[in-house]
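These notes are about the structure you will find just below.
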Amino acid sequence: MGSLRQITRLSENGVRIFCKQMKDAENASILLRINGIRTGSGLRTAATKADDENIKKFKEGNFEKIPDPNHLDHFRKSQSTETLVESLKDPPPMGTHTLPHPIWSEEELHNVKVTHKPPEGFVDKLAFRSVKLLRSTFDLLTGFNWGERSEKKWVLRICFLETVAGVPGMVAAMTRHLHSLRRLKRDHGWIHTLLEEAENERMHLMTALQLRQPTWLFRMGVIVSQGAFVTMFSGAYLLSPRFCHRFVGYLEEEAVFTYSKCLKDIESGPLKHWQTQKAPDVAIRYWKLPETASMKDVVLAIRADEAHHRVVNHTLASMKEDEYNPYEPGK
């Protein structure tokens, strides 16, 4: 009986303590609400007295008493922003804003060789034969090998080929980018290399356009060929990235061969005047050439770029899709 009374007394004490704690908590909540802090919304700080006065003035229509936005830090424009806006009125020259890319030494420019990777297996052979078919068809339709080669023939050929060469890198980068987003997985560093390649090919085109502006017929041909090639290459990359990178590798082999032939025409052919003709300003900025650089120096730089793309794409074609890209930005 005594133990039962003791248990009852302990229970009553526990209830009193619990009630006291609940009352203290209620009082604390009231104090918080009085101070303008709402516990239900994460203890947000209430508006200050000055804020309340400004809100009251705003409701009364006293807008002239509201602080001027130009004097508030949140709206204040920095000097750099104003300078940027002014600079848009006089945009920088072409080739100023570019992705990192290799800058070749004299030794590297003159040591480029025409090489060939023998195809291994069905995919490689299919890629190689596809490139050979495209080249022979293009040569036949353009009549490049008929008659004497001239500057006009060379410039138009370079312009057209570079409009095609700039497609694979961009399509591959976009596809891998979307795969990374859709699969919620990393890309392993391939995207930046592919984007650099696409821009590099586009800069080849921008350089060639400084020498000659194509006709409307040429432009229509570019639109048709680009539409067809983008569609086919996109589908092919979804099915077999290895085939596509091997295809581009063989395509770059042909590009190195083409620019090597162009250099022969510069040395002892119809393009001898390119030995002394000044390089376009965009080429000097992009490849960081000396101010005295000639068109021959530009062709040497373009050929070195194509040789680099040749190695990169053959490397990527031999790798698995989830292996890390060994080429750092600009390398």
Side-chain angles (χ1 to χ4, degrees), residues 91-115 158-177 187-211 233 237 241 244-245 247-260 262-263 278-317 319 324-331:
M94 183 168 51
T96 303
H97 300 132
T98 58
L99 295 172
H101 59 92
I103 301 298
W104 309 110
S105 64
E106 283 294 320
E107 182 181 2
E108 291 171 325
L109 290 174
H110 291 89
N111 283 343
V112 175
K113 305 296 182 184
V114 176
T115 62
I158 292 172
C159 286
F160 193 89
L161 290 177
E162 296 299 349
T163 63
V164 174
V167 169
M170 181 60 68
V171 169
M174 180 190 68
T175 303
R176 291 189 67 92
H177 175 72
D187 173 66
H188 300 284
W190 290 41
I191 292 175
H192 70 77
T193 295
L194 297 170
L195 289 175
E196 289 168 19
E197 178 185 313
E199 183 185 68
N200 184 256
E201 300 288 7
R202 185 176 61 84
M203 292 307 296
H204 296 173
L205 172 64
M206 295 298 105
T207 299
L209 289 174
Q210 305 306 305
L211 303 178
F233 194 84
Y237 202 89
C244 291
H245 286 296
F247 175 88
V248 177
Y250 288 130
L251 196 67
E252 298 297 356
E253 289 183 3
E254 296 295 332
V256 173
F257 176 79
T258 297
Y259 283 109
S260 295
C262 182
L263 286 169
K278 189 178 185 304
D281 291 339
V282 60
I284 293 175
R285 282 189 296 272
Y286 184 70
W287 284 286
K288 293 181 171 49
L289 301 174
E291 292 295 329
T292 57
S294 65
M295 274 302 302
K296 179 182 177 180
D297 299 317
V298 174
V299 175
L300 284 169
I302 293 177
R303 186 181 67 164
D305 288 342
E306 306 293 11
H308 179 58
H309 299 160
R310 174 185 63 191
V311 175
V312 170
N313 279 279
H314 277 317
T315 301
L316 297 179
M319 295 170 56
Y324 194 79
N325 174 23
Y327 299 98
E328 297 179 1
K331 303 295 184 182

Can you tell me how far the [atom1] atom of [X] sits from the [atom2] atom of [Y], to the nearest 0.5 Å?
{"X": "L211", "Y": "I158", "atom1": "CG", "atom2": "CD1", "answer": "8.0 Å"}
{"X": "L300", "Y": "S294", "atom1": "CG", "atom2": "OG", "answer": "8.0 Å"}
{"X": "I284", "Y": "K278", "atom1": "CD1", "atom2": "NZ", "answer": "3.5 Å"}
{"X": "T98", "Y": "M203", "atom1": "OG1", "atom2": "CE", "answer": "6.5 Å"}
{"X": "D187", "Y": "L194", "atom1": "CG", "atom2": "CG", "answer": "8.0 Å"}
{"X": "N325", "Y": "T193", "atom1": "CG", "atom2": "OG1", "answer": "3.5 Å"}

For [X] and [Y], work out which heavy atoms get closest and say how close.
{"X": "L195", "Y": "A173", "answer": "CD2-CB, 3.6 Å"}
{"X": "L109", "Y": "A301", "answer": "CD2-CA, 3.6 Å"}
{"X": "A198", "Y": "M170", "answer": "CB-N, 3.5 Å"}
{"X": "E196", "Y": "P329", "answer": "OE2-CA, 3.3 Å"}
{"X": "V298", "Y": "P280", "answer": "CG2-CD, 4.3 Å"}

In the structure I gave you, are the side-chain heavy atoms of [X] and [Y] within less than 4.5 Å of one another anywhere?
{"X": "E328", "Y": "H192", "answer": "no"}
{"X": "F233", "Y": "V248", "answer": "yes"}
{"X": "C159", "Y": "L209", "answer": "yes"}
{"X": "Y327", "Y": "E197", "answer": "no"}
{"X": "R176", "Y": "P241", "answer": "no"}
{"X": "S260", "Y": "V256", "answer": "yes"}

Name all pairs fulfilling the salt bridge (Lys or Arg N to Asp or Glu O under 4.0 Å) condition that reach into residues 96-113, sequence neighbours left out, sorted by first residue then second. none
Would you say H314 and E253 are linked by a side-chain donor-acceptor pair, where the criterion is simply a distance under 3.5 Å?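 Note: E253 and H314 side chains meet the donor-acceptor criterion.
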What pairs with T175 under side-chain contact (heavy atoms from CB on, under 4.5 Å), at least two apart in sequence or on another chain? V171, H179, Y237, L238
Once you measure the plane-to-plane angle for Y286 and H101, does it fall in the parallel (<30°), tilted (30-60°) or perpendicular (>60°) bin?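 Geometry flag for H101 against Y286: parallel rings.
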Distance-only, no hydrogens or angles: does the E254 side chain make a donor-acceptor pair with backbone N or O of Y250 under 3.5 Å? no
Between the main-chain N or O of M94 and the side-chain N or O of R285, is there a donor-acceptor pair closer than 3.5 Å? yes
Could I get the full list of salt bridge (charged side-chain N to carboxylate O under 4.0 Å, His left out) partners for K288, not counting sequence neighbours? none
Just wondering, are more than 12 heavy atoms of other shown residues or ligands nearer than 6.0 Å to NE2 in H188?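 More than 12 within 6.0 Å, yes.
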Centroid separation H204 to W287 less than 6.0 Å: yes
Decide, yes or no, whether a salt bridge links E199 with R202 under the criterion of side-chain N to carboxylate O below 4.0 Å.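 Judged by the 4.0 Å cut-off on N to carboxylate O distance, E199 and R202 do form a salt bridge.
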Report the C-alpha separation of F247 and N313 in whole Å, then their side-chain angles, then the decisive distance to 0.1 Å, and conclude whether the side chain to side chain contact (heavy atoms under 4.5 Å, CB included) test is met. CA-CA 8 Å; F247 175 88; N313 279 279; over 6 Å; no
